[in-house]
Number of protein chains: 2
Amino acid sequence: MIKVAIFEDNRSLREGLAAMIGGTAEFECVGAFPNCNNLLKNITQAKPDVVLMDIEMPGINGIEAVAIIKEEFPEMKILMETIFDDDEKIFNSICAGAEGYILKHTPPAEIMEAIKEIHEGGSPMTPSIANRVLKMVKTKPEIGHKESFDLTDREKEILTCLVKGMSYKMVADACFISIETVNVHVKNIYRKLQVHSKSEAVIKAIKGRIV
Amino acid sequence: MIKVAIFEDNRSLREGLAAMIGGTAEFECVGAFPNCNNLLKNITQAKPDVVLMDIEMPGINGIEAVAIIKEEFPEMKILMETIFDDDEKIFNSICAGAEGYILKHTPPAEIMEAIKEIHEGGSPMTPSIANRVLKMVKTKPEIGHKESFDLTDREKEILTCLVKGMSYKMVADACFISIETVNVHVKNIYRKLQVHSKSEAVIKAIKGRIV
DNA sequence: GGGGGGATACCATGTTTTGGGTATTGAGAA
DNA sequence: TTCTCAATACCCAAAACATGGTATCCCCCC
């Protein structure tokens, strides 16, 4: 029995979804809300396994809502629902922590299927969405490589600090070592990465996905 | 009738898949090959709609094969199949152009389902793969935000140079201006970005997708 | 029990960067 | 026209960084 909560401002759509979910043996609709004004209260009371979240909503929008829910209940699965499939929304939803993303014109049977999949740990996506997600990954050719450069754990730690924009002094404080030691580590990092400045190292770390 | 070609070095698996696909009304197996030695020839003759491609193969591996196929037949759908779900392989497969990615332990019925989905323009992925893909997207904040910071064109140009790891001197040479002018621009960039070092600026530029 | 490597620390020196000035020129707005 | 602003250029001092050393400690492995 998968417990589902719905956030959807369109009344007929909301009631339709609730009826559909409530009318199935596998699912239980534990709440259907027109907005996110009482988001955490609603969620806390309903205790759903899966949240069906409309993106376009007055007041707190769906993407903000995802962030709020995930902050409090990270294990809760969230399936975004929208009429538009624009990259910005998809991207921001994913970043906020949503597991799935479907378009509203998706037939009911597939919505049910998606809820089941997301509950099982999958990431259901409308084909057009999936394609856009793949494109997003493609535009970042650097994740691949993952050249190791044989950095030691400590060196990776230092490098991570540098990627946060810290100065030697800040790194020293953060790692509880002297500035001189930071200096030594940085020297070794430069040698292994074959660079000669902090920014080069930072760039290589980000692009080469070392950190 | 979806025409499917199989590339899989394990004989029993290959024959099993071929039998399964051939035994269904919706699918037709137009070829089953143990390696990619005659890749283009095989593909040209078989003319499949969907290619089922094993990643781990002697000789030309599955990822290289995808790139080759996509080069010649960009509209052909390719479903990757593997025993491992490591990020590197997933990422490289996606970059090479594969539309789907499933693990070998996926039950036959779901493999058939995935073939149908990929043929319809979807991107079927094993849940664990989908999760990794979403994580890859998350590490890539560039599509979102896009804060402008009101940089002038020249300043963006300078910043772009910095993001390439260049020193002031190199920027000066590249932009045909004096080092002093670079200095002035950098100062202005720092003020607008509210940072106080080159690496901070570089980081903000990359993450904020300014460049 | 010695050798290698990683982490620590310090010294010295030169270069680069940072942040504070001032000043000229040309384009476009008031 | 005058004024603002981007772009150019220069000066200077302090801070941060880059690069070359040496040296100690500890752990693991041979």
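Chain identifiers are assigned alphabetically (A, B, ...) following the order of the sequence lines, protein sequences preceding nucleic acid strands; residue numbering begins at 1 within each chain.
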May I ask you to evaluate whether B/K198 reaches the phosphate of C/dT17, defined as a side-chain N or O under 4.0 Å from OP1 or OP2?
yes
Whole-Å distance between D/dC27 P and A/D153 CG?
17 Å
OP1, OP2 of C/dT8 versus side-chain N and O of A/R154: anything below 4.0 Å?
yes
Roughly, in whole Å, what's the span from CD1 in B/I189 to C1' in C/dT17?
14 Å
Is the phosphate of C/dT17 approached by B/Y190 (side-chain N or O, under 4.0 Å from OP1 or OP2)?
no
Could you tell me the separation between the CE atom of B/M170 and the C1' atom of C/dT15, rounded to a whole number of Å?
15 Å
Just to verify, which of A/L79, A/I102, A/V51 counts as forming a side chain to side chain contact (heavy atoms under 4.5 Å, CB included) with A/I115?
A/L79
Hey, is the side chain of B/S178 poking within less than 4.0 Å of OP1 or OP2 on D/dA9, counting only N and O atoms?
yes
Taking CD1 from B/I158 and C1' from D/dA6, how many angstroms apart are they, rounded to a whole number?
12 Å
Side-chain donor/acceptor contact of A/N183 with base of D/dT19 under 3.5 Å:
yes
Could you tell me the separation between the CG atom of A/L193 and the P atom of D/dA18, rounded to a whole number of Å?
13 Å
When rounded to the nearest 0.5 angstrom, what distance separates CD1 in B/I60 from CD1 in B/I68?
4.5 Å
Where B/I111 and B/T106 come nearest, the two heavy atoms and their spacing:
CD1-O, 3.6 Å
Does B/K198 form a salt bridge (Lys or Arg N to Asp or Glu O under 4.0 Å) with A/E200? I'd like the steps, not just the answer.
CA-CA 10 Å; B/K198 208 162 67 161; A/E200 277 185 281; over 6 Å; no
Taking atom P of C/dG6 as reference, at what distance in whole Å does atom CD of A/E155 sit?
7 Å
Separation of C/dA7 atom P from A/E180 atom CD, nearest Å, is 17 Å
For C/dA7, take OP1 and OP2 only and decide whether either is under 4.0 Å from a side-chain N or O of A/T152.
yes
From CD1 (A/I203) to CG (B/L162), nearest 0.5 Å
8.5 Å
With nearest nucleotide decided by heavy atoms, which residue, A/K192 or A/F176, maps closer to the 5′ end of DNA chain C?
A/K192
Contact class for B/N188 vs. all strands (heavy atom < 4.0 Å): base, sugar-phosphate, or nothing?
nothing
Can you see if the side chain of A/T181 gets near the phosphate of C/dA9 - specifically, an N or O under 4.0 Å from OP1 or OP2?
yes
Starting from C1' on D/dA14, measure out to NZ on B/K187 and report it in whole angstrom.
13 Å
Both B/I177 and A/H196 contact DNA chain D. Which one's nearest nucleotide lies toward the 5' end?
B/I177
